[in-house]
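First listed ligand is number 1; within each ligand, the first listed atom is number 1.
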Amino acid sequence: MARFLKPAPVAVEKVMRSLAQAITGLELPAVEKISEEQAEEPFQILIATILSARTQDATTHAASTRLFRRARTPATMAALRVKEIERLIYPVSFYRNKARHVKACCRMLLDRFGGHVPSTMEELVMLPGVGRKTANLVMILGFKSLRNICVDTHVHRISNRLGWVKTELPVETEQALYKATDSRWWPYINLYLVTWGQHVCRPIGPRCGDCVIADVCPKIGVRRRSAT
Ligand code: SF4
């Protein structure tokens, strides 16, 4: 069962401030990069986030770039055949399902939302292929929301290792993090923890010896650390 632990405010503050500095200069996660490149346009953020599920960042970035070169709006993307979307986004994982979702999502944007990405969680999760993770990231990056936390596998894993939450599933972690952390950090949790998770606090063999927050991290559940 999910439980949240209220970490001492100073621990959250210390972790977030340390990571803000430490990630400077590191490669950004793919959707953050696309968000910068596409001037924080909600439609591009939405589509890139759908493509990013269980896919390496470099692959997501390349596939999104190919797709946006061919179609940049819900109308032009909805007009593509599923086979063509498949060809453009391959080799993202589950590219056949994602191609169907992309087309259906664009269709719904046109039919139900006037060709615009809706700006509420309730509406975003109605879109095909859109769950809470994607909807939260669109709210944060596309609509500059300060009230959402986007939880992916990196955020879920590191929040548990830090002892901020004690949860089994990312969806539980999101709710637990709202209680365990101060709201001013919510829009930054995804960027900081995902970047750290890709470079240092890796799923297998985290580099605790190189970690700037090692002194405040209880390393919960970490069995084997990497030497480098
Ligand atoms: S000390 Fe280790 S477990 Fe804790 S955040 Fe750093 S890399 Fe991850």
Closest heavy-atom contact between R157 and C201? NH2-O, 2.8 Å

Using distance alone, with no hydrogens and no angle criterion, decide if T49 and S52 have a side-chain donor and acceptor under 3.5 Å apart. no

At what distance is the nearest protein heavy atom to atom 2 (Fe) of ligand 1, and which residue and atom is it? C208 SG, 2.3 Å

Test item, I158 contacting ligand 1 (heavy atom, 4.0 angstrom): no

Is the distance between atom 6 (Fe) of ligand 1 and the nearest N/O/S atom of C211 smaller than 2.8 Å? yes

Step by step, would you call T55 with T60 a side-chain hydrogen bond (donor to acceptor under 3.5 Å, both in side chains)? CA-CA 6 Å; T55 300; T60 300; 4.8 Å; no

Any N/O/S atom, backbone or side chain, of C201 lying under 2.8 Å from atom 8 (Fe) of ligand 1? yes

Before giving the answer on side-chain hydrogen bond (donor to acceptor under 3.5 Å, both in side chains), spell out for S159 and T173 the whole-Å C-alpha distance, their side-chain angles and the decisive distance to 0.1 Å. CA-CA 8 Å; S159 299; T173 302; over 6 Å; no

Could you check whether W185 and Y192 have their ring centres less than 6.0 Å apart? no

Residue V222 vicinity, atoms of ligand 1 by number, heavy atom under 4.0 Å: 3 (S)

V92 reachable from Y90 in the ILVMFWY side-chain graph, under 4.5 Å edges: yes

Evaluating non-hydrogen atoms only, which member of A214, S159, G221 is closest to atom 1 (S) of ligand 1? A214

Find all atoms of ligand 1 within a distance of less than 4.0 Å from any non-hydrogen atom belonging to C217, and give their numbers and elements. 1 (S), 3 (S), 4 (Fe), 5 (S)

